[in-house]
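Let me begin by presenting the structure, written as structure tokens, before commenting on it.
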Amino acid sequence: MFLVLNAGSSSLKFSLFDEPAGDGGDPVLRHRGQIEGLLTGPHFIARDGAGARVEERRWPAGEALGHESATQFLLDWIAGATGGRRLLACGHRVVHGGRDFARPVRVDETVLGRLDALAPLAPLHQPHNLSPIRAVARFMPGLAQVACFDTAFHRTQPWEAETFAIPRRLTDQGIIRYGFHGLSYEYVAATMPALDAAARRVVVAHLGNGASLCAMADGSSVATTMGFTPIDGVPMGTRSGALDPGVILHLVNRAGMSGAEVEHMLLYESGLLGLSGVSSDMRALRAEAPRNPRAAEAIRLFGYRIVQAIGALAASLRGLDALVFTAGIGENDAALREEVCGTLHWLGIRLDKTANERGAAGTLGARITLPAPASAWVVPTNEELMIARHTRDVLAR
């Protein structure tokens with residue numbers, strides 16, 4: 001069995017995969033679930049591969065559970081739920097791999113130290129991603145662990161796509177556009193040939209609480225909206241997205257804000273939450289929009305910036321064969337997909353409203369456009385399966 005862990009600031013998601021029967025094929029999902037609310041009242045839920053709930057537990061409100069304790073609980077639960085079957089390896093989502101890690105790697109102390117050094121570039125994610133690695137090493141010291149990076153997929157980008165127009169000495173120090181959500185994009189890249197083998201120029205919109213877009217040529221990243229950190233690009237749930245650097249200079253030099261205060265604002269107080277004053281959740285904004293102009297404006301600006309990004313990325317591809325929506329908002333918000341696609345006739349997209357409303361629930365992916373020069377798709381992402389594939393491949397090297 002392969003265990004996949006994805007740690008956030010207050011949650012620990014897991015997936016457990018069996019090796020397929022016979023030769024070849026993907027790892028088979030056995031269990032998945034999460035412990036959420038680690039700091040305020042932990043809640044554990046586990047489901048089988050078909051989605052049926054198999055176990056649930058709640059801790060008292062106000063009780064905290066650190067990542068180490070959560071990992072230990074999870075390992076104990078897996079041992080009981082599987083009759084003590086042996087784990088072959090544990091794969092982890094790690095947001096930042098820097099310049100050095102362009103593919104998944106087996107983790108040792110040297111690798112862990114290099115990943116620690118990248119924490120300032122992704123402070124929302126990196127420290128939490130690394131905590132379960134240390135916990136697994138403590139509780140199961142002989143278990144192989146594999147780090148899979150959200151930045152690795154974008155290392156195929158050309159120099160001009162990843163380089164800022166700043167002094168070369170800073171570029172040489174690693175201040176470049178790294179890009180993120182790479183595991184999601186990699187899954188979509190691997191899936192698209194089965195949906196539309198002729199689509200060579202593809203823009204993927206990974207739209208969730210964190211949001212970015214990526215231009216792919218023949219399945220490889222050539223440009224993306226996130227840059228040096230996961231703040232850049234389109235607005236997100238609480239992150240600002242792209243911002244004139246002069247705004248930051250003004251806030252620090254003239255408005256009296258410290259660097260730490262600006263950082264907190266850009267990470268936690270901006271995006272859909274900052275625009276609406278209501279919520280970072282698109283579902284809440286949709287419900288509020290009919291009676292709250294600011295909620296409606298936040299949705300409108302989000303869609304506008306996505307359309308802008310699609311245009312820029314299509315230009316980098318010199319055309320567009322397919323547009324893909326994925327992640328929480330991309331997969332579930334038919335209204336946003338309609339708003340975005342409705343502005344893209346010039347790229348050859350013609351929305352099929354019935355197919356768009358239907359989405360792609362339970363399928364590998366679904367086309368939501370009428371026959372036209374370019375197509376649009378909803379493809380449910382599966383980062384956990386991508387990590388399981390990588391973990392198996394690293395063990396086989």
*Can you see which heavy atom on Leu347 is nearest to which on Ala374, and at what distance?*
O-CB, 3.4 Å
_Partner of Ser184 by side chain to side chain donor-acceptor pair (under 3.5 Å), out of Asp150, Asn382, Thr381_ = Thr381
*Closest approach of Leu38 and Ser11, non-hydrogen atoms and distance?*
CD1-N, 3.8 Å
_Nearest atoms (heavy-atom pairs only) where Asn129 meets Ala7_ = ND2-O, 2.9 Å
*For the pair Gln145 and His92, evaluate side-chain contact (heavy atoms from CB on, under 4.5 Å) and give the outcome as yes or no after the intermediate values.*
CA-CA 8 Å; Gln145 299 195 75; His92 299 263; 2.6 Å; yes
*Take the angle between the ring planes of Phe101 and Phe149 and call it parallel below 30°, perpendicular above 60°, tilted in between.*
parallel
*Is there a path of hydrophobic side-chain contacts, each under 4.5 Å between heavy atoms of I, L, V, M, F, W or Y residues, that connects Leu207 with Ile368?*
yes
*Heavy atoms from other residues, nucleotides or ligands near CZ of Arg106 exceed 12 (cutoff 6.0 Å)*: no
*Salt bridge check: are Glu288 and Arg294 linked by an N-O gap of less than 4.0 Å?*
no
*When the aromatic ring centroids of His67 and His128 are compared, is their separation below 6.0 Å?*
yes
*What are the two closest heavy atoms between Pro230 and Arg239, and how far apart are they?*
O-NH1, 3.0 Å
*Just by distance, do the side chain of Arg155 and the backbone of Thr151 share a donor-acceptor pair under 3.5 Å?*
yes
*asked:* Which heavy atom of Ser9 sits nearest to which heavy atom of Leu39, and what is that distance?
replied: O-CD1, 4.3 Å
*Is the backbone N or O of Leu121 less than 3.5 Å from a side-chain atom of Thr229, with the two atoms forming a donor-acceptor pair by type?*
no
*Among Val324, Thr326, Leu364, which one satisfies side chain to side chain contact (heavy atoms under 4.5 Å, CB included) with Thr191?*
Leu364
_Positive for ring-ring contact (aromatic ring centres under 6.0 Å, His included) with His31, one of Phe14, Phe17, Trp77_ = Trp77
*Cluster question for you: counting only ILVMFWY and a side-chain heavy-atom cut-off of under 4.5 Å, with indirect links fine, are Leu313 and Val307 together?*
yes
*Are His43 and Glu56 close enough, and set up right, to give a side chain to side chain donor-acceptor pair (under 3.5 Å), and what steps lead you there?*
CA-CA 8 Å; His43 174 211; Glu56 186 170 8; 2.5 Å; yes
*Hey, any chance Val247 and Leu275 share a hydrophobic cluster, counting ILVMFWY side chains that come within less than 4.5 Å of each other, even indirectly?*
no
*Distance-only, no hydrogens or angles: does the Ser221 side chain make a donor-acceptor pair with backbone N or O of Thr156 under 3.5 Å?*
no
*Does the separation of the ring centres of His154 and Tyr185 fall below 6.0 angstrom?*
yes
*When you measure from the side chain of Arg177 to the backbone N and O of Thr224, does any donor-acceptor pair fall under 3.5 Å?*
yes
*Are Phe153 and Val204 linked, directly or through other ILVMFWY residues, by side chains that come within less than 4.5 angstrom of each other?*
yes
*Indicate yes or no for a side-chain donor-acceptor contact from Arg350 to the backbone of His345 under 3.5 Å, with no hydrogens or angles considered.*
yes
*How far apart are the C-alpha atoms of Arg134 and Glu68, what are their side-chain angles, what is the distance that settles it, and do they pass the salt bridge (Lys or Arg N to Asp or Glu O under 4.0 Å) test?*
CA-CA 8 Å; Arg134 291 190 168 90; Glu68 181 173 301; over 6 Å; no
*Specify the closest pair of heavy atoms between Ala322 and Met192, including all atoms of both residues, with the distance to one decimal.*
CB-CE, 4.1 Å
*Go through the steps for Glu339 and Arg300 under the test salt bridge (Lys or Arg N to Asp or Glu O under 4.0 Å), then give the verdict.*
CA-CA 9 Å; Glu339 291 158 11; Arg300 189 166 76 247; over 6 Å; no
*asked:* Within a 6.0 Å radius of atom OH on Tyr304, are there more than 12 heavy atoms belonging to other residues, nucleotides or ligands?
replied: no
*Stepwise side-chain contact (heavy atoms from CB on, under 4.5 Å) check, Leu87 with Leu16*: CA-CA 9 Å; Leu87 285 174; Leu16 193 62; 3.7 Å; yes
_Working for side-chain contact (heavy atoms from CB on, under 4.5 Å), residues Asp352 and Arg367_ = CA-CA 9 Å; Asp352 181 333; Arg367 182 171 178 150; over 6 Å; no
_I'd like to know whether Ser276 forms a side-chain contact (heavy atoms from CB on, under 4.5 Å) with Glu297, so could you lay out the CA-CA distance, the side-chain angles of the two residues, the decisive distance to 0.1 Å, and finally the verdict._
CA-CA 7 Å; Ser276 68; Glu297 288 170 350; over 6 Å; no
_In this structure, would Val4 and Val95 fall into the same cluster of hydrophobic residues linked by side-chain contacts under 4.5 Å?_
no
*Among Asp48, Thr82, Asp18, find the residue that satisfies the side chain to side chain donor-acceptor pair (under 3.5 Å) test when tested with Arg30.*
Asp18
*asked:* Angle between ring planes, His206 versus His181, binned at 30° and 60°: parallel, tilted or perpendicular?
replied: parallel
